[in-house]
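This structure is a prediction, so every number in the text was calculated from the model and none was measured. All values below come from the heavy atoms of this structure, side chains included, with hydrogens, waters and symmetry mates left out. So you know, we letter chains A, B, ... as the sequences are listed, proteins then strands, and number each from 1.
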Number of protein chains: 2
Amino acid sequence: MAKRVLKHAILGLLRKQDMSGYDITSEFTKEISQFWSAKHSQIYTELKKLLDEKLIEQYIEISGVKLEKKMYTLTEEGKKELAQWLMHPEQIPETEKDTFALKVYFIQYIPEEKILPLFQDQLDQREQKLSELKSRYQLIFAQREEEIGLGSDELGHYLVLTKAISREESYVDWLKKSIRFIRQKR
Amino acid sequence: MAKRVLKHAILGLLRKQDMSGYDITSEFTKEISQFWSAKHSQIYTELKKLLDEKLIEQYIEISGVKLEKKMYTLTEEGKKELAQWLMHPEQIPETEKDTFALKVYFIQYIPEEKILPLFQDQLDQREQKLSELKSRYQLIFAQREEEIGLGSDELGHYLVLTKAISREESYVDWLKKSIRFIRQKR
DNA sequence: TTGTACATGTAATTCGTTACATGATTAT
DNA sequence: ATAATCATGTAACGAATTACATGTACAA
């Protein structure tokens, strides 16, 4: 049986407030996009399935003159399903796919003069991303970590942002260490 | 156009030595499984495609009395394709899927008494994995990092193993920090 | 002889992306 | 007016897993 992660991601987003497919799509460009995302085509398809399963219900909201926004709301069943999923422990995956690391595994087949540029390019991209994440952290949470309550809707945001920062810091550290290691070999 | 990562992973594995589909499948249970893997069904299918594309060639090896092992070898075209792929810089992905982090984003909907057990379960699993990775590192590379040559087939292995260790250490650190953060809130 | 590992494949299904397709709203 | 954003959908394709299916080799 499949894991249906997107299903539960959508239920989770709808738990906070009713949303349209479009709204859900744009949530997946925000913080949570660091750890899950989907294209609108997959989202609209999944919403139909969730309606079938009676985990969500649809109602129409008129925007402007005649644009019909399809809003979705969790049913009691949907809330229960989400709660069950959230409480169930996750097995950590054996594989966390990373194309750059895969290439590094084959490093002996990369011409020597191309190796450091490849690492440097990754490092630039990862440092860029890390600096964006840190800016967001500064903007939203710096000097007010104490204010974040256990049941607040900020806690989840805070924790995944610190997770993303930690992940990118670790990536940057490894890249720098590897660059030093390789340089020292030449 | 699609990225065809598995295609290049297989070419990379065959670059070192000829292998059967079964051999390739078992490579994906070793070190590289930290960063890429595939089931045998997908591998046999991909091998057929690579034959069609003339990037690999097949020959038969007899094992025992009559078991025909289908061995694959890179063509010149295949070597070129691999070299091109390896030299081409990778865009870092905007999303690195992580189901546990997704759940954490929805932490406000997890009953308070279930939160720490969920984090503790993740921590146990990650620490277990980290300790296995460190054992492998000790066994294979400890006290002989200087011996690893730039063109050697150990370098790739060394770098991905240190990458995996770095990733897991970062995960463990974040889990511990988060547990402290949450505990301090109660 | 019997179980485990070796060995190869296809079918069905699900998950995910890209491309195709259309139309309304809003800010410039 | 017109461009950007809002808004919803389907079709085609590709990537990946699970299930189905079969047979050999080898060691205990």
Quick check for you: among [options], whose closest atom lies nearest to any side-chain atom of [X]?
X: A:Y44; options: C:dA19, D:dA7, C:dT17; result: D:dA7
X: B:R4; options: D:dA15, D:dA25, D:dA7; result: D:dA15
X: B:Q42; options: C:dT8, D:dA15, C:dG16; result: D:dA15
X: B:L6; options: C:dT25, D:dA16, C:dT10; result: D:dA16
X: B:K70; options: C:dG9, D:dA7, D:dA16; result: C:dG9
X: A:Y22; options: D:dC6, C:dA7, C:dT10; result: D:dC6
X: B:W36; options: D:dT10, C:dG9, D:dA16; result: D:dA16

Closest-nucleotide ordering on DNA chain C, the 5'-leading residue of A:S63 and B:S63: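 The 5'-side residue here is B:S63.
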Toward the 5' end of DNA chain C, by each residue's nearest nucleotide, A:S41 or A:K66: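 The answer here is A:S41.
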Under 4.0 Å between any heavy atoms, over every strand shown, what does [X] touch: base, sugar-phosphate, or nothing? Just pick one.
X: B:K49; value: sugar-phosphate
X: A:K48; value: sugar-phosphate
X: B:T25; value: nothing
X: B:K69; value: sugar-phosphate
X: A:V5; value: nothing

Aromatic A:F181 / basic A:K176 pairing, under 6.0 angstrom, 45° off normal: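 No.
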Test: A:K70 cationic atom under 6.0 Å from A:Y22 six-membered ring centre, within 45° of axis: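 Geometry flag: not set, cation outside 6.0 Å or 45°.
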Whether B:D23 side chain and B:S20 backbone form a donor-acceptor pair below 3.5 Å: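 Confirmed, B:D23 side chain pairs with B:S20 backbone.
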Check: B:S166 side chain, B:T162 main-chain N or O, donor-acceptor pair, under 3.5 Å: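 No.
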Phosphate OP1/OP2 of D:dA15 contacted by B:K39 side-chain N/O (<4.0 Å):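 No, because none of the side-chain N or O atoms of B:K39 sits under 4.0 Å from OP1 or OP2 of D:dA15.
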Phosphate OP1/OP2 of D:dC6 contacted by A:S20 side-chain N/O (<4.0 Å):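 No, no such contact exists.
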Rounded distance (Å) that lies between atom [atom2] of [N] and atom [atom1] of [X]:
X: A:I62; N: D:dT8; atom1: CD1; atom2: P; value: 12 Å
X: B:I43; N: C:dT10; atom1: CD1; atom2: C1'; value: 15 Å
X: A:I10; N: D:dT8; atom1: CD1; atom2: P; value: 13 Å
X: B:H8; N: D:dA15; atom1: NE2; atom2: C1'; value: 15 Å
X: A:H40; N: C:dA21; atom1: NE2; atom2: P; value: 14 Å
X: A:L102; N: D:dA15; atom1: CG; atom2: C1'; value: 15 Å
X: B:K7; N: D:dA16; atom1: NZ; atom2: P; value: 14 Å
X: A:E46; N: D:dG9; atom1: CD; atom2: C1'; value: 15 Å

Closest contact, heavy atoms only, A:K185 versus B:E147: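 The pair with the smallest heavy-atom distance is NZ-N, 4.2 Å.
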B:K134, B:K129, B:R126 screened by salt bridge (Lys or Arg N to Asp or Glu O under 4.0 Å) with B:E169, the one that passes: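 With B:E169 as partner, salt bridge (Lys or Arg N to Asp or Glu O under 4.0 Å) holds for just one option, B:K134.
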